[in-house]
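Input: a single structure, listed below in structure tokens.
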Number of protein chains: 2
Amino acid sequence: MMTDENLEQIIKALANPARREILQWLKQPEQEFTEQPNGFEQGVCVSQIFAKSGLSQSTVSSHLALMQRTGLLASQRRGQWVYYQRNEAVIREFAEQIQQTL
Amino acid sequence: MMTDENLEQIIKALANPARREILQWLKQPEQEFTEQPNGFEQGVCVSQIFAKSGLSQSTVSSHLALMQRTGLLASQRRGQWVYYQRNEAVIREFAEQIQQTL
DNA sequence: TGTATATATCGATATATTTCGATATATCAT
DNA sequence: ATGATATATCGAAATATATCGATATATACA
């Protein structure tokens, strides 16, 4: 069960269009991004998201970091790259919480 | 089917704790507010929400107006009073949209 | 050990949101 | 009409968020 604070964080995270867009892209990496060295198993690396976003590298990095803090995303460093992916469990729980409590 | 713009408005509306709290209060007016002249059938009047909120009258009024613009609330003037109530259809549709598209 | 590449952090600025008090408007009661 | 009550709007100040460029850190490779 998600804390109220976490719920609040997630709602705020979603209140930004750039972050919502990134979250959508990460649903279907094969469709949204070009091939990566190690495939999309561990997620999509920051530079790909950056390339697609039209935002600065620092802005993208901070959006990703924020979504990770909320639990919406998980990240894994693999050498020089950091791969971000959706945390489906958290996303599902958030959606259920909204259904039940809103 | 809700437009993307409306979805965006609603998420932003919910990104504020005072507005979320008001939305919760309006689920069970009998429990949250003192009796009103005409009962709670048409909703709860601004002054009651104001009294409970700890915010200024103008702030409460603007939160309510914003939630009405998004569709989350509906309002009805009855003499000097304006009654606000949840728009359950919109709230339900929003929750479903989140479930399906997040 | 350098140098290149990927990502994160910092500091500054621009924009958006929240909140308030003052005031306007709308309705009611006398 | 006048005064009282309820709500909305306006303008300003405070706070939060988004964004950027510059720079720091982390890893890879020659």
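Just so we're clear, the structure is a prediction, and the values are computed from it rather than from any experiment.
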(message) What is the first contacted nucleotide of DNA chain D and what is the last, in 5' to 3' order, if contact means an atom lying under 4.0 angstrom from a heavy atom of chain A?
(response) D/dT17 to D/dA28
(request) Rounded to the nearest angstrom, tell me the gap between atom OH in B/Tyr83 and atom C1' in C/dA26. (result) 15 Å
(request) Under 4.0 Å from any atom of DNA chain D, heavy atoms only: list the residues of residues 48-58 of chain A that qualify, in numerical order. (result) A/Leu55, A/Ser56, A/Ser58
(message) So, using salt bridge (Lys or Arg N to Asp or Glu O under 4.0 Å) as the criterion, who are the partners of A/Glu96 when residues are at least two apart?
(response) none
(message) A/Thr3: which residues meet the side-chain hydrogen bond (donor to acceptor under 3.5 Å, both in side chains) condition with it, sequence neighbours left out?
(response) none
(message) Looking at A/Gln57, is its backbone amide N or carbonyl O close enough to the side chain of A/Ser61 to form a donor-acceptor pair, meaning the two atoms are under 3.5 Å apart?
(response) no
(request) Mind telling me whether A/Phe33 and A/Trp25 have parallel, tilted or perpendicular rings, with 30° and 60° as the class edges? (result) perpendicular
(message) Going by the rule side-chain hydrogen bond (donor to acceptor under 3.5 Å, both in side chains), which residues pair with A/Gln76 if we only count those two or more places apart in sequence or in a different chain?
(response) none
(request) Measure from CG on B/Leu64 to P on C/dT18 and round the result to the nearest Å. (result) 14 Å
(request) May I ask you to list the residues of residues 73-80 of chain A, by number, that have any heavy atom positioned under 4.0 Å from an atom of DNA chain D? (result) A/Arg77, A/Gly79, A/Gln80
(request) Quick one: list whatever passes salt bridge (Lys or Arg N to Asp or Glu O under 4.0 Å) with B/Glu88, sequence neighbours left out. (result) B/Arg86
(request) Could you note down all residue pairs passing salt bridge (charged side-chain N to carboxylate O under 4.0 Å, His left out) where residues 25-37 of chain A supplies at least one of them, sequence neighbours left out? (result) A/Glu32-A/Lys52
(message) Given 3.5 Å as the limit, does a donor-acceptor pair link the side chain of B/Gln28 with the main chain of B/Gln31, or not?
(response) no
(message) Using the side-chain hydrogen bond (donor to acceptor under 3.5 Å, both in side chains) criterion, which residues pair with B/Arg69? Sequence neighbours excluded.
(response) none
(message) Please check: side-chain N/O of A/Glu93 versus main-chain N/O of A/Met2, any donor-acceptor pairing under 3.5 Å?
(response) yes
(message) Test of understanding: with side-chain contact (heavy atoms from CB on, under 4.5 Å), list the residues that count as partners of A/Ala51, not counting sequence neighbours.
(response) none
(request) Could you check which residues of residues 12-21 of chain B get a heavy atom under 4.0 Å from DNA chain D? Sort them by number, please. (result) none
(message) Tell me every residue that passes salt bridge (Lys or Arg N to Asp or Glu O under 4.0 Å) with A/Arg19, counting only those two or more places apart in sequence or in another chain.
(response) none
(request) Check for a donor-acceptor pair, side chain of A/Arg77 on one end and backbone N or O of A/Gly79 on the other, with a separation under 3.5 Å. (result) yes
